[in-house]
Amino acid sequence: MLVVEGLRKTFENHEVLKGVHLTVRKGEVVVIIGPSGSGKTTLLRCLNVLEIPDEGTLTIDDEQLQFTTKPSKKEMIRFRRLTGMVFQAYNLFPHMTALENVMEGPITVKRLKKHEAKEKAEQLLMKVGLKDQMHMYPFQLSGGQQQRVGIARALAMEPKVLLFDEPTSALDPELVGEVLKVMKDLANEGMTMVVVTHEMRFAREVADEVIFFDEGMMIERGHPEQLFTNPTHERTRQFLQRIQ
Amino acid sequence: MLIDPERLERLTNIAESSLLPLVKGALLYTIPLSVVTFVIGLAIALLTALARLSSMKLLQWAARAYVSAIRGTPLLVQLFIIFYGLPTIGITIDPLPAAIIGFSLNVGAYASEIIRAAILSIPKGQWEAAYSLGMDDVQTLRRIILPQAARVSVPPLSNTFISLVKDTSLASLILVAEMFRKAQEIAATNYEFLLLYTEAALIYWVICFFLSIVQGSMEKRLSRYVVR
């Protein structure tokens with residue numbers, strides 16, 4: 001279970017997160033929607049401790065990270081390993097093949113033996129449908145394939161929560177489906193996921209809960225059906241109108 | 001202007017007899033001196049670049065001061081300070097070690113700027129992807145950033161290395177028996193300065209030509225993962 005309490009983050013006098021509270025239960029898929037600049041990506045990056053919040057507490061199962069005083073690098077690295085991150089721009093390591101990208105975390109961080117890491121990476125790449133592309137470099141892969149490697153790379157570390165930061169926003173329209181399918185499969189397998197996306201259909205079909213985020217705050221949360229068809233907040237209504 | 005046969009024969013003889021000592025000077029001094037100082041210099045450069053990029057003000061400042069001092073003074077003067085200057089305060093260093101120290105410090109300063117720029121040229125997303133897998137700074141540098149930075153730095157570092165090979169001729173002035181000093185010594189006995197110095201120049205050119213080929217193949221090898 002992931003619990004976020006009172007998370008605040010300010011960038012140069014601009015308050016991006018204004019005290020965010022959020023709970024994600026094990027196996028739940030939470031989709032965060034909202035206008036650009038609303039702070040939803042910052043929230044996700046805080047969960048992966050790529051941004052250091054000014055205040056607040058993160059809890060995943062029985063591990064906790066407090067930000068009232070700045071945590072040490074060691075604490076941050078330890079906590080970061082509980083979550084996996086899938087980036088909008090994939091951020092694959094260009095000097096490594098797909099297989100090496102997925103093996104990298106287990107070998108360098110978990111100190112797995114090479115053949116063990118390889119076996120696991122091959123399984124993961126097969127799972128995301130890249131059996132034939134394992135030995136290709138990122139530049140030889142399409143955007144959709146790269147993003148699926150990105151997902152496999154994050155999964156290889158066996159995170160408790162998988163975070164997706166607009167995973168399909170950089171993709172050509174015809175490649176979006178293959179990435180969403182992988183995400184859907186993961187959701188069905190019971191992976192705990194927090195997804196920032198503009199894909200409303202995905203939110204509708206896969207999310208257990210949708211959160212509308214605006215101006216650094218959670219405005220509304222609810223079951224996708226309820227939130228999309230009958231939002232209680234005026235701002236949610238306006239946003240949904242604009243994107244449809 | 002025709003060269004009379006007798007003179008031509010004399011020149012040919014000198015060229016032939018001097019080739020071996022010159023090549024020996026290159027093989028025993030010029031090349032090893034270049035390689036050893038380049039390796040030490042690179043180690044210094046990496047440490048200096050990391051110091052510049054660290055968040056500790058003192059390290060940053062020390063690295064800046066070092067680079068500024070080396071780049072702001074002539075290499076020949078640095079060598080003279082080490083070899084002729086330091087004995088005055090009781091530190092006597094033999095010609096070869098003195099040359100190694102001088103050239104290494106020199107290469108270290110110049111190459112540190114190349115390495116720093118190469119590290120900064122790697123997108124922020126690469127650091128973040130490594131961090132998100134749970135890597136610390138050292139692991140991220142070693143596994144993700146430096147291998148990519150290496151590719152970017154091969155052309156400018158090759159420049160530095162080629163300059164270094166030619167700069168080793170300055171070691172002749174602190175009594176290292178490298179190739180150019182050999183040329184000077186031989187020319188002093190027969191007064192054929194043009195011939196001997198040209199011969200030395202040609203050997204430098206051959207070494208540097210070979211290095212350019214090595215550079216080309218290294219660039220190719222390190223670029224296998226980028227789009228062309």
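A, B, ... follow the sequence lines: proteins, then strands. Residue 1 opens every chain.
- For chain B, the nearby part of A:K73 is the side chain; its heavy atoms alone come within less than 4.5 Å.
- Interface remark: of the candidates A:R80, A:M85, A:M157, A:H95, A:H95 forms the most heavy-atom pairs closer than 4.5 Å to chain B.
- Below 30°, between 30° and 60°, or above 60°: for A:Y137 and A:F139 the angle between ring planes is below 30°, a parallel geometry.
- Top candidate by heavy-atom pairs under 4.5 Å with chain A, chosen from B:Q148, B:R151, B:R142, is B:Q148.
- Neither the backbone nor the side chain of A:M76 comes within contact range of chain B; no heavy atoms are under 4.5 Å apart.
- Using a 4.5 Å cut-off between heavy atoms, A:R78 does not touch chain B at all.
- Residue contact with chain B, scored on non-hydrogen atoms closer than 4.5 Å, is absent for A:L82.
- Using a 4.0 Å cut-off between charged side-chain N and carboxylate O, A:E63 and A:K160 make no salt bridge.
- Side-chain contact, A:T108 with A:E104: a donor N or O sits under 3.5 Å from an acceptor N or O.
- Side-chain contact, A:E15 with A:T10: no donor N or O sits under 3.5 Å from an acceptor N or O.
- By the 4.0 Å N-to-carboxylate-O rule, A:E116 lies too far from A:K120 to be salt-bridged with it.
- Of the two parts of A:F93, the backbone and the side chain both hold a non-hydrogen atom closer than 4.5 Å to a non-hydrogen atom of chain B.
- For A:T97, no part lies under 4.5 angstrom from a heavy atom of chain B.
- Under the 6.0 Å cut-off for aromatic ring centres, B:F103 and B:F38 do not qualify, their centroids lying 6.0 Å or more apart.
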